[in-house]
Amino acid sequence: MRYISLFTHHKKNDVPPTAAEMAAMGKLIEDGMKAGWLIATEGVQFDHEGVRVHRAEGGEITVTDGPFSEAKEVIGGYALMRAGSKAEVVELCRNFLKVVGEGTCEVHELFDQPAAG
């Protein structure tokens with residue numbers, strides 16, 4: 001099964017990682033890719049360049065440029081993962097949080113798409 005994990009952290013913690021933290025994250029990513037449980041991952045740049053595109057039921061589409069100062073938590077990154085069960089993906093997220101520190105991983109299973117052709 002495939003899962004997406006969205007990592008959020010408190011805005012007050014939005015400081016650049018140290019060299020040691022970057023090295024630990026790099027090792028986790030490399031190990032995850034080699035082991036096959038990590039499909040893709042990226043950090044998210046949270047700054048004034050963000051934009052929200054929203055449509056309320058029956059309404060017009062609105063566009064709001066950042067910064068979004070009301071946000072108490074910000075998206076720090078995402079990971080696409082492969083795991084055999086919910087328990088397994090939870091353990092993968094636990095290991096990630098041990099490396100990254102304070103934050104939350106919100107995990108959702110992805111729909112399996114039939115193979116093309």
Side-chain angles (χ1 to χ4, degrees):
M1 294 178 278
R2 294 176 310 132
Y3 296 87
I4 187 166
S5 171
L6 301 172
F7 172 69
T8 57
H9 55 86
H10 295 284
K11 194 171 182 181
K12 65 182 169 110
N13 291 334
D14 192 25
V15 295
T18 66
E21 290 168 334
M22 288 293 289
M25 184 58 63
K27 178 164 178 18
L28 178 69
I29 292 168
E30 182 180 345
D31 291 349
M33 291 286 195
K34 284 181 182 176
W37 61 261
L38 185 59
I39 301 167
T41 188
E42 293 285 342
V44 174
Q45 180 68 34
F46 184 82
D47 61 13
H48 67 280
E49 298 298 323
V51 62
R52 286 186 182 146
V53 181
H54 175 77
R55 180 174 185 227
E57 184 177 342
E60 291 187 29
I61 296 172
T62 60
V63 178
T64 307
D65 290 325
F68 307 114
S69 59
E70 71 278 6
K72 293 181 182 176
E73 295 180 335
V74 297
I75 296 175
Y78 75 93
L80 296 176
M81 300 180 288
R82 190 177 322 280
S85 67
K86 181 179 171 182
E88 185 180 343
V89 79
V90 166
E91 189 59 30
L92 294 171
C93 289
R94 286 180 189 270
N95 293 338
F96 168 77
L97 289 172
K98 288 176 186 173
V99 172
V100 78
E102 181 182 359
T104 301
C105 291
E106 182 177 320
V107 181
H108 300 274
E109 187 175 350
L110 299 172
F111 287 113
D112 282 328
Q113 298 296 321

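Computed over heavy atoms, backbone and side chain alike; hydrogens, waters and symmetry mates excluded. We're numbering straight along the sequence, starting at 1.
Of all the heavy atoms in F7 and G103, the pair that sits closest is CE1-CA, 3.6 Å. When all heavy atoms of C93 and M81 are compared, the closest pair comes out as SG-CE, 3.9 Å.
Checking side-chain atoms of S5 against main-chain N and O of Y78 turns up no donor-acceptor pair under 3.5 Å. Panel note: side chain R55, backbone G59; a donor-acceptor pair is recorded below 3.5 Å.
Taking OH of Y3 as the reference point, atom CG of L110 lies at 9.5 Å (rounded to 0.5 Å). In this structure, I29 CD1 and K34 NZ are separated by 13.0 Å, a value rounded to the nearest 0.5 Å. One distance of note links CZ of F96 with CG of L38; it measures 10.0 Å at 0.5 Å rounding. Summarising the geometry, atom CD belonging to E106 is positioned 9.0 Å from atom CD1 belonging to I75; distances are rounded to the nearest 0.5 Å. Here the CG-CZ distance, from D65 to R52, works out to 11.0 Å after rounding to the nearest 0.5 Å.
With V107 as reference, V89 is the one residue of L6, L92, I4, V89 to meet the side-chain contact (heavy atoms from CB on, under 4.5 Å) rule.
Atom CE of M22 is surrounded by 12 or fewer heavy atoms from other residues, nucleotides or ligands within 6.0 Å. Counted within 6.0 Å of CZ on R82, heavy atoms from surrounding residues, nucleotides or ligands total 12 or fewer; the atom is thus considered open.
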Should L80 and R2 be marked as a side chain to side chain contact (heavy atoms under 4.5 Å, CB included) after you check the CA-CA gap, both sets of side-chain angles, and the distance that decides it?
CA-CA 7 Å; L80 296 176; R2 294 176 310 132; over 6 Å; no
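In the hydrophobic cluster analysis, where Ile, Leu, Val, Met, Phe, Trp and Tyr join through side-chain heavy atoms closer than 4.5 angstrom, V44 is grouped apart from M25.
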